[in-house]
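Structure, as structure tokens:
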Amino acid sequence: MFFFGKKKKEKKQEQAVPVANKEELIAKASEKVTELESKTGDERVSLLNEIGSLYTQAEETDLAIKYYEESLELCKQHGKASTDLMKLYNKKRQEAAEAKDDEKVKEYMDKVQNLMQMSKDMIRGNA
């Protein structure tokens, strides 16, 4: 059993984004952030989702959440932002659980539940 946990940890470390690639992704996301000032409407939502995706790939979860939340707030539609946000919230919830931070676990569980409710409301046409 000990060996299984060790192998799992080693595998996770192997899957981490290489530093050079991570820096490249962050630089690309930063460039896109400067473009936000000139974007409105659907273009802004699309760019916010792209930035969120770049930060997700760079394993910058908090920044990815920030841009996906803004995107979701602007469009109020269930789509890429809410799907990716749910994954990120679940990741943060898992990290909080491992750190035994019950308040953060509850916070991220509530955020996931809110997204699920939003999705149900969209399906019913109540949004």
Side-chain angles (χ1 to χ4, degrees):
M1 196 159 191
F2 172 77
F3 293 108
F4 175 73
K6 186 175 180 181
K7 292 285 186 188
K8 187 175 180 180
K9 185 175 181 179
E10 288 172 1
K11 186 175 181 181
K12 188 173 185 177
Q13 288 173 345
E14 289 172 10
Q15 294 173 345
V17 177
V19 174
N21 191 27
K22 183 175 182 169
E23 290 172 355
E24 187 178 300
L25 289 165
I26 291 171
K28 189 172 183 179
S30 295
E31 288 175 21
K32 299 285 182 185
V33 168
T34 61
E35 293 178 33
L36 278 174
E37 295 174 16
S38 64
K39 304 295 181 191
T40 59
D42 290 343
E43 286 182 336
R44 185 173 182 85
V45 170
S46 180
L47 190 54
L48 287 165
N49 287 335
E50 188 177 345
I51 294 166
S53 179
L54 288 166
Y55 279 127
T56 299
Q57 292 172 54
E59 297 179 350
E60 293 290 332
T61 305
D62 292 332
L63 287 169
I65 287 172
K66 173 186 171 183
Y67 290 99
Y68 280 132
E69 284 178 338
E70 184 178 343
S71 170
L72 189 62
E73 184 63 30
L74 286 174
C75 66
K76 295 289 186 191
Q77 295 177 7
H78 180 72
K80 179 169 178 43
S82 60
T83 301
D84 289 350
L85 260 175
M86 194 169 303
K87 291 175 188 174
L88 293 169
Y89 286 157
N90 278 320
K91 179 179 179 180
K92 295 295 281 185
R93 181 188 50 78
Q94 181 63 35
E95 290 170 359
E98 289 171 4
K100 298 187 185 334
D101 186 341
D102 293 339
E103 280 186 38
K104 287 288 185 188
V105 169
K106 181 171 178 2
E107 175 186 339
Y108 287 106
M109 283 177 65
D110 290 346
K111 288 182 178 201
V112 168
Q113 289 174 346
N114 287 340
L115 283 172
M116 289 172 53
Q117 185 60 50
M118 184 187 307
S119 176
K120 288 177 187 175
D121 289 346
M122 289 299 296
I123 290 168
R124 291 186 198 124
N126 296 336

_Candidate list Val33, Leu54, Ile51, test side chain to side chain contact (heavy atoms under 4.5 Å, CB included), partner Lys28, passing option_ = Leu54
*Listed by chain and number, what are the salt bridge (Lys or Arg N to Asp or Glu O under 4.0 Å) partners of Lys111, not counting sequence neighbours?*
Glu69, Glu107
*Out of curiosity, does Val105 fall in the hydrophobic cluster containing Tyr89 (side-chain heavy atoms, cut-off under 4.5 Å, transitive links)?*
no
*Just how far is it from atom CG of Leu115 to atom CG of Leu72, taken to the nearest 0.5 Å?*
6.0 Å
_When you compare the side chain of Lys92 with that of Ile65, does any pair of heavy atoms fall below 4.5 Å?_
yes
*More than 12 heavy atoms from other groups under 6.0 Å of NZ on Lys91*: yes
_Strictly below 4.0 Å, N to O, side chains only: are Lys106 and Asp102 in salt-bridge contact?_
no
*Do you know which two heavy atoms are closest between Lys104 and Ala96, and how far apart they sit?*
CB-CB, 3.6 Å
*If we ignore angles and hydrogens, is there a donor and acceptor under 3.5 Å between the side chains of Gln94 and Glu98?*
yes
*With sequence neighbours left out, what residues match Arg44 under salt bridge (Lys or Arg N to Asp or Glu O under 4.0 Å)?*
Glu70
*Of the non-hydrogen atoms in Ala64 and Gly52, which two are nearest, and what is the gap between them?*
CB-O, 3.4 Å
*CG/Leu85 to OH/Tyr108 distance, rounded to the nearest 0.5 angstrom?*
10.5 Å
*Can you see which heavy atom on Asn49 is nearest to which on Ser71, and at what distance?*
OD1-OG, 2.8 Å
*Heavy-atom side-chain contact between Gln113 and Asp110 under 4.5 Å*: yes
*Identify the heavy atoms of Ala29 and Tyr55 that sit nearest to each other, and give their distance.*
CB-CZ, 3.5 Å
*asked:* Under a 3.5 Å distance rule, please check whether Ser46 uses its side chain to pair with a backbone N or O of Glu43 as donor and acceptor.
replied: no
_Is any side-chain heavy atom of Ile26 closer than 4.5 Å to one of Leu63?_
no
